[in-house]
Trainee: 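A single structure is presented below for examination.
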Amino acid sequence: MATTYGTSDFRKGLRVEFDGDPYLVVECEFRKPGKGSAIYTLKVKNLLNGRVLEKTFRSGDSISGADCHDQKMQYIFNDTKDWHFMDPENYEQYAVSKEQLGDLWKYLVEEMMCEVTFYNGNPITVTPPNHVELEVEYCEPGAKGNTATNVTKPAKVQTGAEIQVPIFIKIGDVLKVDTRTGDYIERVHR
Amino acid sequence: MCSRSTPERAITLSESTGKSGGELRGAAAEALRLRARLLAKAREFFSQRGILEVETPLLSRGVVVDRHLDPPVCRYGSAAGGGEKLYLQTSPEAAMKRLLAAGLGAIYQVAHAFREGERGRLHNPEFTIIEWYRPGLNHHELMDEVGALVSLLLPEHSKDGGWEKLSYRQLFRDRLGIDPMECGTGELGQAAEKLGVELEGEFDWKDRDAWLDLLLSTRLQEDLGNERPVFVYDYPASQAALARLCPEEPRLAERFELYIAGIELCNGYHELLDAAEQRTRFEKANDQRRSDGREPLAPDERLLEALESGLPECSGVALGFDRLVMLALGADSIDEVLPFPFEDV
C-alpha cells in the first residue's frame with residue numbers, strides 16, 4: 001500500500017503521487033518567516049514524462065507516496081524500440097521503451113546491472129551505474145601529443161551514442177562516462 | 001584520561017576527508033574561525049555602546065506564546081519517571097524583559113534558541129540569536145543601530161555603507177500592486193496565482209496572514225536587500241505578538257524585520273508594555289494553536305509579572321547569528337556555518 005507523507009517527512013528523493021502520476025521529489029525547500037507559518041516548496045519530476053513542477057504546501061499538509069519499487073536487473077538486448085531487462089533471480093524479462101529511457105540508452109551495455117523502477121507493477125525508469133565504460137568505435141584522428149581536455153570532438157561508442165571527448169582519444173580507446181551528465185571523465189587503461 | 005580529540009584535530013580531519021562520522025560535517029574550519037571573528041566584533045560593538053552582556057536560562061516554566069513557534073519540551077527530574085515539564089526557549093525575550101523590568105538598562109545576549117520542526121537551508125532546530133534591548137529607543141532608532149552593526153559586520157553587503165527602510169504596506173503596494181491591509185483573501189490568492197504559486201493540500205483560504213506570509217516568503221523576500229540591507233517595518237498587528245500598535249494606525253504594529261540578500265536576518269519590536277494586553281495576546285495565540293491542532297503553551301507568568309511591575313519604554317531586536325555568518329561567508333546552507341548540524345548531534 002502506498003504511504004502518506006506529512007510535511008515533516010518531506011525530503012529529496014521521495015516518490016510521490018499527484019493526479020495519478022508518479023513524481024520524484026528533486027528539491028525540497030523549507031521556508032518560514034521568523035514569526036509566520038511554515039511553507040514547503042517541492043520541485044517534483046514526473047517519472048513518466050520528465051516534466052518538472054513546483055508545488056507549495058503548508059505545514060500539516062500531506063501527500064500520497066507513489067507505489068514504486070526498485071529492482072536490480074540486467075540489461076540484455078534492445079530491438080531499437082524497446083530495451084529489455086532481466087531479473088537475474090527468476091529470469092523474468094521486462095521491456096522499457098526508448099522514450100521512457102530518454103538519453104539513458106546511450107550508456108547501456110549488454111549484461112550491465114541497472115536499477116529498474118516499477119510503478120504499479122510496470123517498469124517506468126532505469127538508473128544505470130553512475131559511471132560506465134564505453135569503447136570508441138569511431139572518431140576523427142586527433143593531433144598526436146595533444147593532451148588538452150578543453151578541446152573536444154565527437155566519438156561514436158559501442159552503444160551507437162556520440163560522446164564529446166578530448167582530441168587525443170582514438171578508435172579502440174575505452175572511456176569512463178558519467179551517466180548523470182553524459183560527460184567524458186577519463187580514458188581507461190584496460 | 002579520556003581520549004577526547006581536541007577541536008583542532010576534529011577540524012583537520014573534516015577538511016581532509018569532508019566526511020561525517022565523529023568529525024565536523026557542517027562547518028569547515030575557516031567558517032568557524034570567521035564565526036568567532038564576527039562574534040568578537042559584535043561584542044566589541046555592544047561594549048563600545050555601553051550595552052551590558054547578560055546570560056539567562058535556556059530552560060523555562062513558561063514561554064512567550066506564539067501561534068507558529070514550538071519550543072521543545074524537557075522533563076526535569078525524569079530519572080524516576082514523570083518529572084516537571086520545562087521548555088527550551090524559542091528566544092531569550094522573556095528572561096531579558098524580566099531583567100529590563102528589574103532596571104538593568106541596555107542589555108544584549110548571545111543565546112541558543114530552539115524551535116521544533118524548523119529544518120531547512122536557512123533553519124536548524126537549535127540556533128544562535130544575538131538579542132538586545134534599548135530602553136528609550138523607538139523601533140526606528142533601533143533599526144539605525146542594527147544598520148550600524150550589520151554594516152560593520154557585513155560591509156560587502158552594502159554598496160555605500162547605508163541601508164533602506166520600507167514599510168510593509170509599501171512593499172506589497174510597490175511589488176504586487178495590492179494593499180495588504182485592505183485586500184481580501186480572494187485578491188491575495190489571485191496575486192499568488194499570478195506569481196505561479198501552485199498550492200497543494202488544504203490551504204486555509206480565510207487566513208489572511210497565511211497568504212501574506214506565503215507571498216512574502218516565496219515571492220517578495222528573494223529580491224529584498226540585494227543592493228543594501230532593507231528594513232521592512234510596521235507589520236499587520238496580527239503578526240506582531242509583542243509589539244506595540246502604531247498610534248496613528250492600530251491595525252499595524254511597530255515591528256520590523258531586516259533582509260539582506262533575500263535572507264531574513266532580524267526581527268525587532270517597539271515593545272508592548274501593557275501586561276493585560278500581553279496576556280490577552282497569549283490567550284489568543286493559544287486559541288489559534290488549538291484550532292491549528294497544536295498544543296497550547298504555558299504563558300510565562302514571570303514575564304507577565306515583570307510587565308505588571310513596569311517595563312521601561314524600549315525596543316528590542318533578535319538577530320540570527322548563523323545567518324549573518326552565512327552572509328559573510330557566502331554560504332548556501334546554514335549547515336556550512338554550524339559545527340554540528342541537527343542530524344549530527
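In what follows, every chain begins at residue 1, and chains take the letters A, B, ... in the order their sequences are listed.
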Trainee: Distance-only, no hydrogens or angles: does the A:Gln93 side chain make a donor-acceptor pair with backbone N or O of A:Met86 under 3.5 Å?
Mentor: no
Trainee: Go through the atoms of B:Glu118 and report whether side chain, backbone, both or neither lie under 4.5 Å from a heavy atom of chain A.
Mentor: both
Trainee: Are any of the side-chain nitrogens in A:Lys32 or B:Asp70 under 4.0 Å away from the carboxylate oxygens of its partner?
Mentor: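 Result for this pair is no, no salt bridge flagged.
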Trainee: When heavy-atom pairs shorter than 4.5 Å are enumerated against chain A, which of B:Leu122, B:Thr218, B:Asp209, B:Leu212 gives the highest number?
Mentor: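 Greatest number of close heavy-atom pairs with chain A: B:Thr218.
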Trainee: Is a salt bridge present between A:Arg15 and A:Asp70, judged by a nitrogen-to-oxygen distance below 4.0 Å?
Mentor: yes
Trainee: With chain A, which of B:Ser217, B:Gly196, B:Gly320 has the greatest number of heavy-atom pairs at distances under 4.5 Å?
Mentor: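 With the most close heavy-atom pairs to chain A, the winner is B:Ser217.
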Trainee: Answer yes or no: is there an ion pair linking B:Arg244 with B:Glu277, defined by an N-O contact shorter than 4.0 Å?
Mentor: no
Trainee: Measuring heavy-atom distances to chain A, does B:Asn267 have an atom under 4.5 Å in its side chain, in its backbone, in both, or in neither?
Mentor: side chain
Trainee: Could you look at A:Glu29 and say if it's the side chain, the backbone, both or neither that has a heavy atom under 4.5 Å from chain B?
Mentor: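 The side chain, not the backbone.
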Trainee: Aromatic ring centroids of A:Tyr94 and A:Phe85 under 6.0 Å?
Mentor: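 A:Tyr94 vs A:Phe85: aromatic centres not under 6.0 Å.
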Trainee: Report the option among B:His123, B:Arg255, B:Glu257 that has the most heavy-atom pairs separated by less than 4.5 Å from atoms of chain A.
Mentor: B:His123
Trainee: Below 4.0 angstrom, N of the basic side chain to O of the carboxylate: do B:Asp66 and B:Arg294 qualify?
Mentor: no
Trainee: Is it the side chain or the backbone of A:Ser8 that comes within 4.5 Å of chain B heavy atoms, both, or neither?
Mentor: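 Neither; nothing under 4.5 Å.
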